[in-house]
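Structure first, commentary second.
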Amino acid sequence: MPELPEVETIARSLRPELIGRTILAAEVRWPRTVASPSVRGFKERVQGQVIQQVGRRAKFLHIQLSSSNLLIHLRMSGDLQIRSAQSRPEKHDRLILHLSAPSSQATAPASPIDLAFNDTRKFGRVWLTADIHEVLGNLGPEPLSRAFTPQRFHDALRAHRRQLKPLLLDQTFLAGLGNIYTDEALHLAKLHPLAPTHDVTARQAWRLHTAIRLILREGIRRNGASIDWVYRGGDFQNHFRVYGRLGQPCPVCGTAIRRLVVGQRGTHVCPKCQRV
DNA sequence: CACGTCACCTGCGTGC
DNA sequence: TGCACGCAGGTGACGT
């Protein structure tokens with residue numbers, strides 16, 4: 001499920017539930033889920049730490065602990081779920097953190113809970129690190145931050161000779177866009193996913209900059225998109241302009257949406273609104 | 001540096 | 001019903 005708006009939605013919903021709780025134990029049910037350190041080191045070092053803050057950087061969930069950081073990437077099918085303590089693990093639970101009742105000043109219910117990392121396809125990963133830079137260091141700018149300006153965006157686009165969509169998906173270029181929100185933003189900006197980045201004009205860059213931020217904010221406002229069997233309660237999927245709408249009318253001009261493949265990813269465009 | 005291909009995984013929808 | 005196939009919100013390691 002997870003692009004920036006979905007991860008942001010999850011971070012916001014987990015924050016009041018998790019802050020102030022102590023990690024009593026980690027139950028690793030699929031060892032490769034733990035990217036670093038070793039499973040053994042992870043279990044030892046995570047135990048006893050108190051959750052201080054829950055945030056997001058790009059598509060990473062950032063759980064700040066008393067003396068380290070837990071970074072979680074949900075990849076394609078990951079999800080984080082609050083369970084009642086010691087409930088039976090579900091089929092695709094890859095990691096379960098057993099948490100204490102929160103400290104007295106916290107607002108969440110005063111009973112222990114489990115935090116389950118459920119991930120059908122097993123692509124998701126977690127890291128435990130004192131220095132988040134080790135994991136997040138190569139990420140590009142956060143698209144909703146003040147540092148991401150139209151001018152810098154235009155300069156950065158022109159510094160590459162690539163197709164537009166693959167560059168937007170490159171997390172070292174811009175951090176947080178995925179397949180859905182990229183297609184949506186390109187359509188809103190009336191730009192073709194295969195357009196060469198080197199030729200993007202200042203005006204087009206400004207349009208795309210605005211479109212990216214608008215689409216991401218709308219995604220967050222709608223609590224993300226919920227597709228297929230992974231449901232999180234968001235409803236942005238009901239407002240897609242092009243994504244997954246092959247053959248259906250473009251919301252702007254009515255032309256049938258087409259599907260092409262760009263960089264191995266299914267890509268949706270309006271052939272009339274978006275020209276190369 | 002840019003781009004293509006494959007790998008990592010499971011499950012769902014489609015068509016025969 | 002069974003089975004093959006294509007598809008899926010992500011990323012990283014290769015090779016050319």
Side-chain angles (χ1 to χ4, degrees), chain A residues 1-11 29-36 56-61 71-80 90-95 117-127 134-140 143 156-186 193-199 212 215-216 218-220 222-247 259-268:
Chain A
M1 357 166 346
E3 297 181 39
L4 188 155
E6 287 75 29
V7 180
E8 179 65 29
T9 299
I10 293 172
R29 303 173 58 83
W30 179 256
R32 297 188 65 173
T33 298
V34 180
S36 168
R56 175 194 62 77
R57 168 73 169 109
K59 301 174 195 172
F60 288 82
L61 205 86
L71 295 166
I72 302 175
H73 199 304
L74 304 170
R75 295 281 174 92
M76 290 289 267
S77 58
D79 193 9
L80 287 165
E90 293 189 7
K91 187 174 179 187
H92 301 113
D93 287 351
R94 308 306 181 193
L95 169 69
F117 180 26
N118 187 277
D119 182 21
T120 308
R121 293 176 72 181
K122 300 179 175 172
F123 292 161
R125 294 290 182 266
V126 305
W127 295 257
E134 285 176 7
V135 181
L136 309 179
N138 291 326
L139 289 173
L157 285 171
R158 298 213 46 182
H160 293 267
R161 284 191 173 273
R162 294 184 66 179
Q163 298 168 335
L164 202 39
K165 177 167 174 179
L167 187 58
L168 293 175
L169 287 174
D170 183 340
Q171 301 295 297
T172 67
F173 178 78
L174 184 63
L177 286 182
N179 207 35
I180 293 178
Y181 292 88
T182 301
D183 280 7
E184 295 297 299
L186 285 170
L194 294 174
T197 57
H198 198 68
D199 299 339
I212 288 169
I215 289 291
L216 290 176
E218 187 186 359
I220 293 171
R222 298 190 182 281
N223 297 316
S226 314
I227 310 181
D228 297 340
W229 70 98
V230 187
Y231 180 72
R232 288 264 348 156
D235 76 330
F236 189 52
Q237 71 281 5
N238 299 324
H239 303 270
F240 287 163
R241 308 163 64 88
V242 286
Y243 184 85
R245 298 191 61 243
L246 173 64
R259 180 183 184 277
L260 49 151
V261 176
V262 180
Q264 327 290 103
R265 312 297 303 276
T267 298
H268 307 80

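Labels below follow one simple rule: chain letters A, B, ... track the order of the sequence lines, proteins then strands, and each chain is numbered from 1.
Phosphate proximity of C/dA8 to A/Arg259: present, with a side-chain N or O under 4.0 Å from OP1 or OP2. Dashed line: the shortest gap from a side-chain N or O of A/Tyr243 to OP1 or OP2 of C/dG9 is under 4.0 Å. An OP1 or OP2 oxygen of C/dG10 is reached within less than 4.0 angstrom by a side-chain nitrogen or oxygen of A/Lys59. At C/dG9, none of the side-chain N or O atoms of A/Arg121 fall inside 4.0 Å of OP1 or OP2 (strictly under the cut-off). When the side-chain nitrogen and oxygen atoms of A/Arg162 are compared with OP1 and OP2 of B/dC3, one or more of them lie within a distance under 4.0 Å. One finds no side-chain N or O of A/Lys122 lying less than 4.0 angstrom from the OP1 or OP2 phosphate oxygen of B/dC8. In this model, the phosphate group of C/dT11 is approached by a side-chain N or O of A/His73 to a distance below 4.0 Å at OP1 or OP2. Side-chain N/O atoms of A/His92 include none lying less than 4.0 angstrom from OP1 or OP2 on B/dT10.
For B/dC1, there is no paired nucleotide, since no Watson-Crick or G-U wobble pair has both relevant distances below 3.5 Å. For C/dG9, there is no paired base (Watson-Crick or G-U wobble, both distances below 3.5 Å).
Using a 4.0 Å heavy-atom distance criterion, A/Gln171 is classed as a sugar-phosphate-only contact. Residue A/Arg32 is classed as a sugar-phosphate contact, given heavy-atom separations below 4.0 Å to backbone atoms only.
Counting to the nearest Å, the C1' atom of C/dG12 and the CZ atom of A/Phe173 are 20 Å from each other. The distance between atom CG of A/Leu164 and atom C1' of B/dC3, rounded to the nearest whole Å, is 16 Å. Put simply, CZ on A/Arg75 is 11 Å from P on B/dC9, counting in whole angstrom units. Note: CG (A/Asn179) to C1' (C/dA8) measures 9 Å, nearest angstrom. Counting to the nearest Å, the P atom of C/dG9 and the CG atom of A/Leu4 are 17 Å from each other. Protein atom CZ of A/Phe123 is 12 Å distant from nucleotide atom C1' of C/dG12, rounded to whole Å. A/Arg222 has its CZ atom 21 Å from the P atom of C/dG9, to the nearest Å. Nucleotide C/dG9 holds its P atom 16 Å from the CG atom of A/Leu168, rounded to whole Å.
The closest side-chain donor-acceptor pair between A/Lys91 and A/Asn118, if any, does not fall under 3.5 angstrom.
Annotation: A/Asn238, atom CG; neighbour count of heavy atoms from other residues, nucleotides and ligands within 6.0 Å is above 12. Within 6.0 Å of the CZ atom in A/Arg29, the count of heavy atoms belonging to other residues, nucleotides or ligands exceeds 12.
Atom-to-atom distance recorded for A/Glu6:CD and A/Leu74:CG is 10.0 Å, nearest 0.5 angstrom.
The residues A/Asp183 and A/Lys165 are annotated as salt-bridged, a charged nitrogen and a carboxylate oxygen being separated by less than 4.0 angstrom.
Closest-nucleotide positions on DNA chain B for A/Arg161 and A/Arg94 were compared, and the one nearer the 5' end corresponds to A/Arg161.
Annotation: C/dG9 and B/dG4 have their C1' atoms spaced 22 Å apart (nearest Å). Across B/dC8 and C/dC3, the matching C1' atoms stand 24 Å from one another, rounded to whole Å.
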